[in-house]
There are 2 protein chains.
Amino acid sequence: MSDRSPRLDRPADDRPADSRRAFEEILDRLEQAIASGELGPGDRLPSERDLAARFGVSRPSVREALRVLEALGLVSVRRGAEHGVTLREEPQNAFAHLFRFHLALNHTSVASLVEFRVAIESWAAGLVAARGGAETLGELERQLDAMRQPGLGQVGFHSLDAAFHLELVRGAGNELATSVLEASRTAIQRTMLAALVAKADWPGTRDRLVREHAGVVDAIRAGDGAAASRLVTDHVTTFWREHLD
Amino acid sequence: MSDRSPRLDRPADDRPADSRRAFEEILDRLEQAIASGELGPGDRLPSERDLAARFGVSRPSVREALRVLEALGLVSVRRGAEHGVTLREEPQNAFAHLFRFHLALNHTSVASLVEFRVAIESWAAGLVAARGGAETLGELERQLDAMRQPGLGQVGFHSLDAAFHLELVRGAGNELATSVLEASRTAIQRTMLAALVAKADWPGTRDRLVREHAGVVDAIRAGDGAAASRLVTDHVTTFWREHLD
DNA sequence: GAACCGTAGTTGGTTTGACCAATGCGGTCA
DNA sequence: TGACCGCATTGGTCAAACCAACTACGGTTC
């Protein structure tokens, strides 16, 4: 390892060393603990009160540090005895928060978000089809089957749909793309659900959506990347067309 | 203001609505304020005490929210009179922060970052070619010409190359894609430059790169989206192949 | 003995109120 | 005029308390 060990997010700090804030100190100490192996994925951190005592700071300062780690997706928090703060096994998507604010700041429209999603998903679909990931295919078929159960409402369908699209991108094997897609998707989750509910003739709509998903699965099974790509694009674009102006 | 003001959606929250934490509420409110234009880049936020009073929460809770925003690179904080918390001018950079962070923690590799770039850029190239954006084409040609000036070193070339690729994506007209691409590029900027310098036979390499860029421009001019897409993919992939293992 | 239930203790969530520490502005004094 | 000093503002930090989930354990009941 180099002498320039990877450090927790403190890009170019203009702050003098002696005025480092308490929570930054805590982040450093925790980083050390992780680097030394003292703390590993899945481990539970000491309680907030413990950490405060160990590091000689107050609990609010500890909490600020924990909020940072949480925002970065590194820890998860649950309250109650035998619960507490744990280092995540799989770091969680830190992009979700950022996406929200980025969209707000740029006053980005839902349309451009959807377009962005299409770019990623169509790429992923093409790749999955070309590679022929059997595992992904199985998962997609499972979601598809679930979508077919009679009487499924909009809410239930929506979560299966989300899982389907996420799995599709995950199948491409690019963690970054997966995270970004997930974040962009959750950013319009509510809008998406509203759009689903607003559709006239729900059973008919549902059947159509199921057919479209099935088409994508077929194209992937056939190893036809171009078709898979195109079908995903059409699927998403068609769905949103009538809701965007 | 309406009782149901337009809001961006929140990421799937497993927490019941009534147990949302105070700082999350604050994040929502700030997001609203930003989305509505009440707060914009460069603006100074009300003081912590003000925010606490406005939102009816305590100052520590406000501070937790601010730490999240700070971790995401959205605000900068300075203490003292006439200072305070300000929304950063260039929120796009926030993505770069996070990307770098992911890289540092090995949650993502340079390879997957490059692959991700390819996904976005090839999509953009296809779109630009199909739409035939004359403006974009002109800008790309300008960058290309600049790349041809004799004696151009790696550093100079690199910045022109960056501008070329950024302009390509910008031409697709999707701000989100542009921001994300820019961030993913700056995150590996240093690595990229190192790779350029490490290439044997710089003049030869440069000529090859220029030819590849020219090929993309030609395909766009010809309106051949598929070719443009493929050429961009090949261009980026080839460049990085020998540097990733 | 097994299923149930309530209570105690642990842990995060939040508030209050206080004081410290930078920083810039404006007034004062040489 | 210019250097200086203090005050107001704002972030940084702490202490102590209470609330709210949640688990585990022990007692109760069948």
Side-chain angles (χ1 to χ4, degrees), chain A residues 8-10 13-30 33 39 42-88 92 97, chain B residues 10 13-30 33 39 42-88:
Chain A
L8 277 187
D9 179 51
R10 221 140 34 65
D13 203 342
D14 23 354
R15 231 172 260 277
D18 56 332
S19 82
R20 308 256 323 298
R21 292 175 286 184
F23 82 87
E24 294 177 307
E25 198 67 48
I26 298 171
L27 288 176
D28 282 353
R29 303 278 289 268
L30 289 177
L39 275 176
D43 284 356
R44 183 172 147 194
L45 270 61
S47 74
E48 294 181 351
R49 291 169 177 83
D50 259 17
L51 288 171
R54 289 188 199 202
F55 298 155
V57 297
S58 68
R59 195 146 85 96
S61 293
V62 169
R63 285 177 61 80
E64 289 185 29
L66 293 179
R67 286 299 85 75
V68 171
L69 293 178
E70 200 184 354
L72 296 174
L74 298 176
V75 303
S76 69
V77 180
R78 285 183 315 175
R79 94 177 105 175
E82 295 299 302
H83 278 202
V85 182
T86 55
L87 261 186
R88 296 196 105 105
Q92 201 206 13
H97 277 300
Chain B
R10 286 186 299 103
D13 205 340
D14 23 352
R15 240 171 251 277
D18 56 331
S19 84
R20 309 251 333 293
R21 293 175 286 183
F23 81 89
E24 295 175 307
E25 199 68 47
I26 298 170
L27 288 176
D28 283 354
R29 305 278 289 267
L30 289 177
L39 276 175
D43 283 357
R44 182 172 146 193
L45 270 61
S47 74
E48 295 181 351
R49 291 169 177 84
D50 259 16
L51 288 171
R54 288 187 200 204
F55 298 156
V57 297
S58 67
R59 196 147 82 94
S61 293
V62 170
R63 286 177 60 80
E64 288 185 28
L66 294 179
R67 287 298 84 75
V68 172
L69 294 180
E70 202 185 353
L72 294 175
L74 293 171
V75 303
S76 68
V77 179
R78 286 184 316 174
R79 96 176 103 176
E82 296 299 302
H83 278 203
V85 181
T86 57
L87 264 184
R88 294 201 116 104

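In what follows, chains are A, B, ... by sequence order, proteins preceding strands, each numbered from 1.
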Taking only the side-chain nitrogens and oxygens of [X], find out if one of them lies under 4.0 Å from OP1 or OP2 of [N].
X      : N       : value
H83(A) : dA21(D) : no
R67(A) : dG13(C) : yes
R63(A) : dG13(C) : yes

Indicate yes or no: at least one non-hydrogen side-chain atom of [X] is less than 4.5 angstrom from one of [Y].
X      : Y      : answer
L66(A) : V77(A) : no
P60(B) : R63(A) : no
L51(A) : I26(A) : no

Checklist entry - Which of the following nucleotides, dG12(C), dG11(D), dG24(C), is nearest to the side chain of V85(B)? => result dG11(D)
Roughly, in whole Å, what's the span from [atom1] in [X] to [atom2] in [N]?
X      : N       : atom1 : atom2 : result
E64(B) : dG12(D) : CD    : C1'   : 14 Å
F23(A) : dG12(D) : CZ    : P     : 8 Å
L51(B) : dG12(D) : CG    : P     : 13 Å
R44(B) : dT23(C) : CZ    : P     : 14 Å
L45(B) : dT10(D) : CG    : C1'   : 13 Å
R20(A) : dA21(C) : CZ    : P     : 18 Å
I26(B) : dT14(C) : CD1   : C1'   : 11 Å
E48(B) : dT15(C) : CD    : P     : 14 Å

Interface polar pairs with nucleotides 16-19 of chain D, N/O, under 3.5 angstrom:
none

Checklist outcome for this item: Across all chains, not counting sequence neighbours, the side-chain hydrogen bond (donor to acceptor under 3.5 Å, both in side chains) partners of R44(A) are none
Item to check | Nearest-nucleotide comparison on DNA chain D, the residue closer to the 5′ end among S58(A) and E82(B) | outcome: E82(B)
Next on the checklist: Which is more 5' along DNA chain D, the nucleotide nearest G80(B) or the one nearest S61(A)? Just name the residue.
Outcome noted: G80(B)
Checklist entry - With distance as the sole test, does R78(B) use its side chain to make a donor-acceptor pair with the main-chain N or O of G84(B) at under 3.5 Å? => result no
Checklist entry - Could you state the interatomic distance from CZ (R59(B)) to OG (S47(B)), rounded to the nearest 0.5 Å? => result 8.0 Å
Checklist entry - Once you round to the nearest 0.5 Å, how far does CG of L69(B) lie from CZ of F23(B)? => result 10.0 Å
Checklist outcome for this item: All heavy atoms of L72(B) vs all of H97(A), minimum pair found to be CD1-CB, 3.5 Å
Item to check | Divergence of helical axes at both termini of the helix from dG1(C)-dC30(D) to dA30(C)-dT1(D) - five pairs an end, 10° steps | outcome: 10°
Item to check | Matching residue for R67(B) among E70(A), E24(A), E64(A) - test: salt bridge (charged side-chain N to carboxylate O under 4.0 Å, His left out) | outcome: E64(A)
